[in-house]
Amino acid sequence: MQQLMSVWTGLSPRRQAIVAGTTLAVFLAVLGLARLAAQPGMALLYAGVDGMAAGEMMQALDARNIRYEVRGDAIYVPAPVRDETRMMLAAQGLPSGGGRGYELLDGLSGFGTTSQMFDAAYWRAKEGELARTIVASPAIRAARVHIAHVAAQPFRREIAPTASVTITPAGGGLPAGQARALRFLVASAVPGMRAEDVAVIDGVSGTILQAEEAAPGNGSDREAELRKAVERILEAHVGRGRAVVELSLETVTDTESIRERRIDPDSRVPILSESEERTNRSSDTHAPGVTVASNLPDGDANADGGRSESQSAETRERVNFDISEVSRELHRAPGAIRRLTVAALVDGTRAPDEGGRMVWQPRPAEELEALRELIAAAVGYDAERGDVISLKSLPLEMPLPEGSEAPTSFWTGLDPMTLIQLAVLAAVALALGLFVLRPILAGRTADADALPAPDDAAPAGGLPGPAQVPALGNMAAPDGDALPALAEAPAEGDAPAEDPVQRLRRLIAERQDETLQILQNWMEDADGGRT
């Protein structure tokens, strides 16, 4: 501290002002850059919100005194408070998702509200709730739902509502599986609506999925399920990541309809039997006509009294037979497995050899055969169908486990803007220290060292004191020429004399050999004085 005070008092007023101004500038620059670097980075709060929702969010942030920045349609807040701010906005129902939901029904009163007004508000609220549910997915940036519901009409029985969903993906395109899920979501929320009646439309690339798209459960899904089943079986035995399975499934893509009618003439079945029996019997008594015999006293013309009888019988039987008939109708839809191929690769084992080194060894054939039987049972192997299962034991490169974190370092945890601010701060501090303060302090230190010490005694280290060193102005160079005096009092009326330190430096630079010889003589004299 005393040395600094001596240096400060030895400076001229002009240099003192320069040093004070420079110190103040360095302090302010370092303070500003440090404050700028200490400020937390801005993180994305929400993006893609409409103007009304963004205005409500900004009012909520202003009420909580939270600093924010608006960049296009995105709102940024300090990174440390981003999660807390999201929870606070969610508690207030923000962002509203671009539309209002069932809260629309809260404003309806029983007075002055017709059935048509209530129906319109109800469907509008349902559209808003569906849009909120869809926007909750991180892959969707914005969504609008439109439901076409026809009012009940007395002479129209079948009324099928339809709907259209317009979405804006957050990244690239929307996968077909997610678009199919949106169709079922909307169809399940509206009574009487089918998934085929919902159209999902991308605002960037057009229609994503129409009603004629294939139903879920195709060959690719079945292949993935079978492959995962085989991988689970193998990894349970050989270890995770030490088995690779590839499965190829060839399915039937044709639609077949078979209708068959077979009649067997050798087999008869009675279906109706009828039996009819008729019996007819008649008798008659009448007086015969007058004849010669009837006039005789002993005649027998009227012996039987004139009686006659008749009788008939008839029997009929009818049996109806039907021929045996078989009718069969068969429909074969696409999706049946035509051929299955499985290729599995498992890692071997490692055991020490004679030298104690760990070497790789393939798995035994008995073990591979047991694994092959398990695979055949898992995939439904059928030899008559032409299925093939290939299982081999070969060396595998051990992959990194799924979900492993990338190696982190100090630089990966810093924000690029923070690194730039730190670099600018270091550059400014280094430039001010090297080109401003150092030359000023170095010049004053050289001036102080050139002054003779008050004590002429030798220091404790044995080096000669200033009194023992010959005056530079009175010493002669080795070649006999006297060195010019360093500090001569200027004559009255002459120009100011040159600074002694600068003059000494100039002489040393001009006459280096003589300077070295003088220093050598000083060192020899100092050694002689100690002896």
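Predicted model only: the values in this text are computed from it and were never measured.
In this structure, CG in D347 is found 4.5 Å from CG in L396, a value given to the nearest 0.5 Å. Separation of atoms CH2 (W360) and CG (L394) is listed at 6.0 Å; rounding is to 0.5 Å. Annotation: the span from I147 atom CD1 to E127 atom CD amounts to 5.0 Å, rounded to 0.5 Å. We find the CD-NZ distance between E223 and K228 to be 13.0 Å, quoted to the nearest 0.5 Å. Residue R363 holds its CZ atom at 15.5 Å from NZ of K392, rounded to the nearest 0.5 Å. For the atom pair L130 CG and S188 OG, the distance stands at 10.0 Å (nearest 0.5 Å).
Across every non-hydrogen atom of P169 and D202, the tightest pair is CD-OD1, 3.1 Å. Residue Y76 comes nearest to M42 through the heavy atom pair O-CE, 3.5 Å, listed as atom of the first residue, atom of the second, then distance. Of all non-hydrogen atoms in I134 and A143, the two that sit nearest each other are CG2-CB, 3.7 Å. Counting all heavy atoms, side chain and backbone alike, R183 lies closest to V200 at CG-CG2, 3.4 Å. Nearest heavy-atom pair, A60 versus Q92, reported as atom, atom and distance to 0.1 Å: CB-OE1, 3.5 Å. Closest of all the heavy-atom pairs between P78 and R67 is CD-O, 3.0 Å.
For R357, the side chain to side chain donor-acceptor pair (under 3.5 Å) test picks out no residue, with sequence neighbours left out. Taking A343 as the reference, nothing meets the side-chain contact (heavy atoms from CB on, under 4.5 Å) condition, with sequence neighbours excluded.
The closest side-chain heavy-atom distance from R86 to Y46 is below 4.5 Å. Using a 4.5 Å heavy-atom cutoff, the side chains of T85 and M88 are in contact. Looking only at side-chain heavy atoms (C-beta outward), I201 and V165 stay at 4.5 Å or farther from each other. Under the 4.5 Å side-chain criterion, counting only non-hydrogen atoms from C-beta, S137 is in contact with Q178. Residues E246 and V342 form no side-chain contact, since every pair of their non-hydrogen atoms from C-beta on lies 4.5 Å or further apart. Residues V198 and M193 form a side-chain contact, since some pair of their non-hydrogen atoms from C-beta on lies under 4.5 Å apart. For the pair H237 and E235, the minimum side-chain heavy-atom distance is 4.5 Å or more.
Here R350 does not pair with D353 in a salt bridge; the nearest charged N to carboxylate O distance is not below 4.0 Å. Remark: R71 engages E69 in a salt bridge, criterion side-chain N to carboxylate O under 4.0 Å. Ion pairing of E129 with K126 is absent here, as no side-chain N (NZ or NE/NH1/NH2) approaches a carboxylate O to less than 4.0 Å.
The number of heavy-atom neighbours closer than 6.0 Å to CE of M358, taken from other residues, nucleotides and ligands shown, is above 12.
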Determine whether I75 and L61 satisfy the following criterion, side-chain contact (heavy atoms from CB on, under 4.5 Å), listing intermediate values before the conclusion. CA-CA 11 Å; I75 300 177; L61 295 177; 4.2 Å; yes
Begin with the C-alpha distance, continue with both residues' side-chain angles, and end with the deciding distance and a verdict on side-chain contact (heavy atoms from CB on, under 4.5 Å) for L89 and L45. CA-CA 10 Å; L89 294 176; L45 179 64; 3.8 Å; yes
Derivation of the side-chain contact (heavy atoms from CB on, under 4.5 Å) call for R227 and E231: CA-CA 6 Å; R227 182 170 59 252; E231 287 180 352; 3.8 Å; yes
